[in-house]
J.: 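Following this message is one structure expressed as structure tokens.
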Amino acid sequence: MTASTTTSPRALAWARRRQSFARSWAAYRAQRTGMVGLVLLGAIVVLALAAPVLIDESALSVTQATGGRMEPPSADFPLGTDEVGRSVLALTLWGSRLSLLIGLTATVVAILIGTAVGVTSGHIGGAYGWFALRISDWFMVLPSLVVAIALLAVLGRSMGTTILVIALVSWSGTTRLVRAQTLTVQARPYLERARALGAGHWHQMTKHILPNVLPLVLASATLLVPSAILMESSLAWLGLGDPNVVSWGSILNRASDNGAVSAHAWWYLLPPGLAILLVVLAFMMCGRALEAVFNPRLRGEQG
Amino acid sequence: MTEVPPPAGGAAAPPAGRRARRTSSGFGRYLLKHVGGAAVSLLLVLFSSFFIFRLIGGDPIDQLTRERPVSPEQRAAMRAEMGLDQPMVKQFWDYITGTLTMDLGDSFQYRRPIFDLIVERLPATLLLSGTGMVLAVVLGLWIGTRSGWRQGSRYDRAHVGTGLLLYSAPTFWLGMIVILVFARYMGLFPVNGMRSPSTPPDFWSQALDIGHHLVLPVLTYTAVVYAGYLMIMRSSILDEIGSDYLTTARAKGLRDDEVRDRHAVPNALLPTVTLVFLAIGGVVNGSIVTEAVFSWPGLGSLFVQAIFYPDRPVLQALFVLFSASTILAVLAAEILYWFIDPRIRKS
Amino acid sequence: MTLLEFRDVHVTYTGSRGRVPAVRGVDLALEAGQVLGVAGESGCGKSTLAMAVLRLLPKSAEVSGEILLDGEDLLTMGWGRLRAVRWTGASIVFQGAMHSLNAVQRIGRQVAEPMLVHDKDLSAAKAAKRAEALLERVGLPPSRARSFPHELSGGQRQRVMIAMALACDPDLIIADEATTALDVMVQAQVLQLISGLVKERGVGLVMISHDLSVLSATCDTAAVMYAGKVVEQGPAHEVFARARHPYSAALGAAFPVIGDPASRRNPGGLAGDPPDPGRLPEGCSFRPRCAVAVERCGEASPELLEVEGARLSACFVAQEGEPVVLG
């Protein structure tokens with residue numbers, strides 16, 4: 001702190017951010033559930049990335065399937081086979097890539113929309129701010145699955161539309177959060193000073209408001225990803241997913257369409273479902289731990 | 001709730017008439033504000049449904065006729081019959097007035113008025129989601145209260161863990177597993193539907209049969225929904241813990257559970273009510289998927305079937321209905337709030 | 001018999017900063033019908049002491065010593081007995097009535113609640129009647145029973161707290177900063193009400209305040225606390241008028257005496273903050289802020305000893321008979 005006279009304000013700001021990051025990380029590390037979630041998540045991501053190395057993509061091909069119809073687990077097929085004789089293990093492993101990809105991309109899009117609308121509506125205010133708030137409240141209340149189904153039914157099924165639709169039904173929470181935070185930051189004296197010095201809207205938003213809002217947004221994003229993954233799986237299970245790709249939801253869609261339940265083919269149902277559950281759980285554990293870091297009231301929980 | 005009566009001649013209290021009038025006009029303004037907001041939201045739903053299904057949804061005649069060859073004359077006749085030859089603004093106006101007068105058009109799939117279909121299937125949906133909702137709310141608030149009151153205890157950790165686990169499970173998958181275990185392996189419950197055809201037609205046999213069919217869907221639905229309520233109530237209770245009025249209650253000699261139930265819970269319920277009603281969208285999601293898994297003959301299955309026919313008028317009508325019901329639920333919560341939170345009446 | 005007696009009471013909080021002593025060996029006694037004032041800055045342990053009486057401190061607080069109410073030790077009694085003693089043996093008028101009242105329950109119900117808890121035979125209607133009578137006694141219209149706390153003014157809420165404290169006819173009432181949040185006029189009214197009730201009912205009263213002048217007007221005995229210890233004790237008006245501890249002198253001078261031009265021109269007060277209870281200085285804990293400290297003060301902590309008549313002081317300077325105020 002004593003050297004602050006010689007360092008540039010930018011370096012100082014970075015040093016402060018690094019410091020607060022280190023503090024947050026220490027608070028996060030103190031929570032066992034958060035660390036378990038992080039390790040679990042790391043393992044799943046590594047498996048998803050390593051899928052092409054572990055099992056060749058040809059295992060997903062219907063025509064090259066080597067097993068019989070819904071065979072129970074065996075030495076050749078540790079998790080049994082599906083209705084055309086493909087390995088359920090291979091499907092589940094490859095499915096992780098799609099489920100994670102769609103969940104993450106949809107979240108990123110949702111957060112971009114939510115942050116943009118939140119910051120601008122909080123900062124600019126007026127009629128625009130009121131209108132933006134109304135619209136985001138409206139999206140918040142609507143049943144997301146209904147909106148998503150309606151949109152997918154008219155837009156057609158593809159990965160792009162799935163991502164777009166999930167983002168569209170999940171941006172509103174971020175808006176509300178960011179708007180509230182923007183209004184708080186806005187009221188601080190240094191922003192008043194910045195305005196007095198002639199800082200424009202763009203400068204205020206990008207240099208002062210966004211850096212303050214971002215940590216909170218990232219923390220809340222951790223809780224958006226699992227709901228995006230759940231939404232994708234529901235849509236895919238209903239048959240609204242991209243027909244050309246394999247995700248956990250689409251595996252379960254084929255399973256129910258081909259009577260896996262009446263065939264007692266538990267090996268066909270359990271792996272993809274448990275995979276969804278584990279990923280969602282891992283994200284939720286991380287998200288709750290992050291929430292506790294940023295919301296001290298909850299701190300000390302399950303320490 | 002009754003109004004606060006004016007104090008009898010208390011010097012510090014305002015005169016009776018003025019006070020009463022102020023209170024009622026306060027409610028009037030509050031009601032107007034929220035009803036107005038809900039009306040705007042409902043209009044927005046109508047507008048967006050028209051936008052989604054008529055403008056980006058493509059020509060309804062194509063969907064209706066599908067691959068069948070249709071002569072241009074036939075097409076023109078159909079367009080005229082459905083009002084598609086009218087200007088867009090006129091079509092929109094007809095759509096709005098039609099929806100508001102419950103004239104929702106005919107289903108492509110069933111060739112019947114959609115309104116009749118909805119009336120027919122509504123009871124099944126209300127039975128399933130009503131039962132599930134009551135169970136989930138009672139269970140969630142009950143456990144959430146005790147969890148938050150004893151934060152960090154073994155009880156708390158066990159219930160938060162279980163809740164989180166069930167919350168993380170996809171509804172449809174949980175339903176399939178429940179069917180596999182309880183219906184297929186154990187044979188305790190029917191696999192799907194709401195009635196068995198072989199049941200005698202008398203009331204009690206029918207009721208028992210429906211109840212038997214209801215168990216697994218309600219179990220699934222409750223399992224998925226209650227965890228959300230648990231977490232909401234738990235964090236509301238955590239917000240109250242450490243409040244001064246709880247110390248007062250303790251000092252009065254109340255037992256710990258009396259302090260919790262008589263003082264902490266009523267205060268914690270206030271924020272919970274709003275959140276519970278705001279989460280109604282998730283409840284609708286859950287009921288749609290649950291109905292689809294169990295082939296429960298309600299509105300949710302109707303909606304899901306309509307996707308693939310594709311039965312656009314049904315999709316559109318149910319989109320409006322589901323959205324409107326969540327908006328009205330939130331409005332109900334806001335009105336309810338006026339009556340249960342005395343503080344709101346002041347401002 | 002002595003109504004309330006503290007015998008070597010210690011309260012220690014255990015938290016993230018380790019063990020922090022809040023009260024460090026307090027001995028005080030109160031006869032029935034008497035008023036005991038406890039003064040000190042925030043953080044000196046006076047509220048902790050008050051909460052310790054009915055064992056209302058959080059679990060992180062460890063209390064040792066004895067607190068005797070009518071000869072019965074409150075710290076060792078079973079939970080059932082403690083619950084029975086709460087509010088019937090001793091009641092508390094909490095500070096900040098806004099937060100100490102339940103915001104979503106009508107006043108009448110909150111006043112009647114302790115009666116119903118402690119008298120299982122009492123009907124709800126009778127309790128409500130009695131609550132209304134109590135409200136009337138503290139100067140509120142009985143119809144106020146149907147109001148919610150936010151519908152009352154600060155002074156009215158404090159009156160409700162007093163009515164509530166009287167609900168079970170306790171032998172002892174503890175008023176914890178009961179008038180602090182009120183403006184001066186209302187404060188005077190409420191103080192008058194409390195003193196009147198004490199005389200009328202012959203209960204013992206412990207008044208806790210940071211304002212020594214308020215205590216000197218209402219109390220028989222006053223005890224001044226600093227850093228968890230009683231540093232001066234004696235007849236209330238004497239402690240205020242002629243302090244025998246430099247801290248009491250500063251505390252008394254912090255409030256201008258109305259009508260005294262000297263105190264207006266030269267408002268007293270004290271530089272600095274009370275010491276961090278987790279890191280108390282060596283010797284007398286007041287030494288860093290003391291104007292009359294001598295060498296001995298840094299070496300040993302002074303005991304609370306008799307200095308003259310009924311006056312006790314924990315100051316080496318006062319014990320030598322020297323003045324504790326400069327000039």
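Just so it is clear, the structure is predicted and the values come from calculations on it, not from any experiment. All chains are named by letter (A, B, ...) in the order of the sequence lines, taking the proteins before the strands, and each is independently numbered beginning at 1.
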J.: Contact between A/L238 and B/F172 at the side-chain level, heavy atoms closer than 4.5 Å - yes or no?
T.: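 The answer is no, as the side chains (C-beta and beyond) never meet within the 4.5 Å cut-off.
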J.: Using heavy-atom distances under 4.5 Å, tell me whether A/L230 contacts chain B through its side chain, its backbone, both, or neither.
T.: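 Contact with chain B is through the side chain of A/L230 alone.
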J.: Where does A/W266 contact chain B at under 4.5 Å (heavy atoms): side chain, backbone, both or neither?
T.: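 Both the backbone and the side chain of A/W266 come within 4.5 Å of chain B.
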J.: Is any side-chain heavy atom of A/V147 closer than 4.5 Å to one of B/I52?
T.: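 The answer is no, as the side chains (C-beta and beyond) never meet within the 4.5 Å cut-off.
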J.: Just so I know, are the side chains of B/W173 and A/L252 near enough to count as touching, which here means a heavy-atom distance under 4.5 Å?
T.: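 In short, these two side chains touch, coming nearer than 4.5 Å.
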J.: Given the options B/T171, B/V45, B/I288, which has more heavy-atom pairs under 4.5 Å with chain A than any of the others?
T.: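 If we count pairs closer than 4.5 Å to chain A, B/V45 comes out on top.
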J.: Mind listing the closest non-hydrogen atom pair of B/R312 and A/A153 along with its distance?
T.: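 Result for this residue pair: NH2-O, 3.4 Å.
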J.: Might you point out which heavy atoms bring A/W237 and B/V289 nearest each other, and give the distance in Å?
T.: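 In this case the closest contact between A/W237 and B/V289 is CZ3-CG1, 4.2 Å.
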J.: Hey, could you give me the CG/OG distance between A/L142 and B/S323, rounded to the nearest 0.5 Å?
T.: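 Here the rounded value is 4.5 Å.
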J.: Can you confirm whether more than 12 heavy atoms, excluding those of A/F131, are under 6.0 Å from its CZ atom?
T.: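 Open: at most 12 neighbouring heavy atoms sit under 6.0 Å from CZ of A/F131.
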J.: What part of B/L44 lies closer than 4.5 angstrom to a heavy atom of chain A: side chain, backbone, both or neither?
T.: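 Both parts, backbone and side chain.
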J.: For atom OH of B/Y167, decide whether the heavy atoms of other residues, nucleotides or ligands shown that lie under 6.0 angstrom number more than 12.
T.: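 Atom OH in B/Y167 is not crowded, with 12 or fewer foreign heavy atoms closer than 6.0 Å.
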J.: Need one label for B/I177: side chain, backbone, both or neither, based on atoms under 4.5 Å from any heavy atom in chain A.
T.: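 The side chain, not the backbone.
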J.: Sort A/L281 into side chain, backbone, both or neither according to what part of it lies under 4.5 angstrom from a heavy atom of chain B.
T.: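 For A/L281, the contact with chain B is made by backbone and side chain together.
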J.: So which residue, A/L278, A/D137, A/L274, ends up with the most heavy-atom pairs under 4.5 Å with chain B?
T.: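 Most heavy-atom pairs under 4.5 Å with chain B: A/L274.
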J.: Minimum heavy-atom separation for A/R134 to B/G37, with atom names?
T.: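 Distance-wise, the nearest heavy atoms are NH2-O, 3.2 Å.
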J.: If you take all heavy atoms of B/F319 and A/A150, which pair is closest and at what distance?
T.: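 The answer is CD1-CB, 3.8 Å.
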J.: Is it the backbone or the side chain of A/V279 that comes under 4.5 Å from a heavy atom of chain B, or both, or neither?
T.: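 It is neither, since no heavy atom gets under 4.5 Å.
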J.: Using every non-hydrogen atom in the two residues, find where A/V261 and B/I179 come nearest and quote the distance to one decimal.
T.: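 So the minimum-distance heavy-atom pair works out to CG1-CG2, 3.7 Å.
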J.: Can you say whether B/V191 sits under 4.5 Å from chain A via the side chain, the backbone, both, or neither, judging by heavy atoms?
T.: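 Interface part for B/V191: neither.
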J.: Count the heavy-atom pairs under 4.5 Å between each of B/L164, B/V304, B/L318 and chain A, then report the option with the highest count.
T.: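 Between B/L164, B/V304, B/L318, the count favours B/L164.
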J.: If I measure from the heavy atoms of chain A, does B/L180 come under 4.5 Å with its side chain, its backbone, both, or neither?
T.: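 Looking at B/L180, backbone and side chain both touch chain A.
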J.: In this structure, are over 12 heavy atoms from other groups packed under 6.0 Å from B/F47 atom CZ?
T.: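 No, the 6.0 Å shell around CZ holds no more than 12 heavy atoms from other groups.
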J.: Under 4.5 Å from any heavy atom of chain A, what part of B/V283 do you find: side chain, backbone, both or neither?
T.: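 Looking at B/V283, nothing touches chain A.
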J.: Please give me the minimum heavy-atom distance between B/P170 and A/S233, naming the atom from each residue.
T.: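 Heavy atoms only, the tightest pair is CB-OG, 4.1 Å.
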J.: For the atom pair CG (B/L42) and CH2 (A/W138), what is the distance rounded to the nearest 0.5 Å?
T.: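 If we round to the nearest 0.5 Å, B/L42:CG and A/W138:CH2 are 10.5 Å apart.
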J.: Does any backbone or side-chain atom of B/S48 lie under 4.5 Å from a heavy atom of chain A? Answer side chain, backbone, both or neither.
T.: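 Just its side chain gets close to chain A.
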J.: Using a cut-off of under 4.5 Å on heavy-atom pairs, state which of B/V330, B/N285, B/T326, B/L174 scores highest against chain A.
T.: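 Of B/V330, B/N285, B/T326, B/L174, B/N285 has the most heavy-atom pairs under 4.5 Å with chain A.
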J.: Is there side-chain contact between B/L165 and A/M284, with heavy atoms separated by less than 4.5 Å?
T.: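 Counting from C-beta outward, B/L165 and A/M284 never come under 4.5 Å.
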J.: With the side chain counted from C-beta on, respond yes when B/F322 and A/L145 share a heavy-atom pair under 4.5 Å apart, and no when they do not.
T.: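 No. Closest side-chain heavy atoms not under 4.5 Å.
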J.: Quick one: what part of A/S227 sits under 4.5 Å from any heavy atom of chain B, side chain, backbone, both or neither?
T.: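 Nothing of A/S227, per the 4.5 Å heavy-atom cut-off to chain B.
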J.: Heavy-atom pairs under 4.5 Å with chain B are the metric here; pick the option from A/A255, A/P226, A/S234 that has the most.
T.: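 Heavy-atom pair counts peak at A/S234.
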J.: What part of A/I135 is in contact with chain B, defined as an atom under 4.5 angstrom from a non-hydrogen atom: side chain, backbone, both or neither?
T.: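 The side chain, not the backbone.
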J.: Is chain B contacted by the side chain of A/L152, its backbone, both, or neither, given a heavy-atom distance below 4.5 Å?
T.: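 Looking at A/L152, nothing touches chain B.
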J.: With respect to chain A, which residue among B/S325, B/G281, B/G282 yields the maximal number of heavy-atom pairs within a distance under 4.5 Å?
T.: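 When all of B/S325, B/G281, B/G282 are compared, B/G281 has the most.
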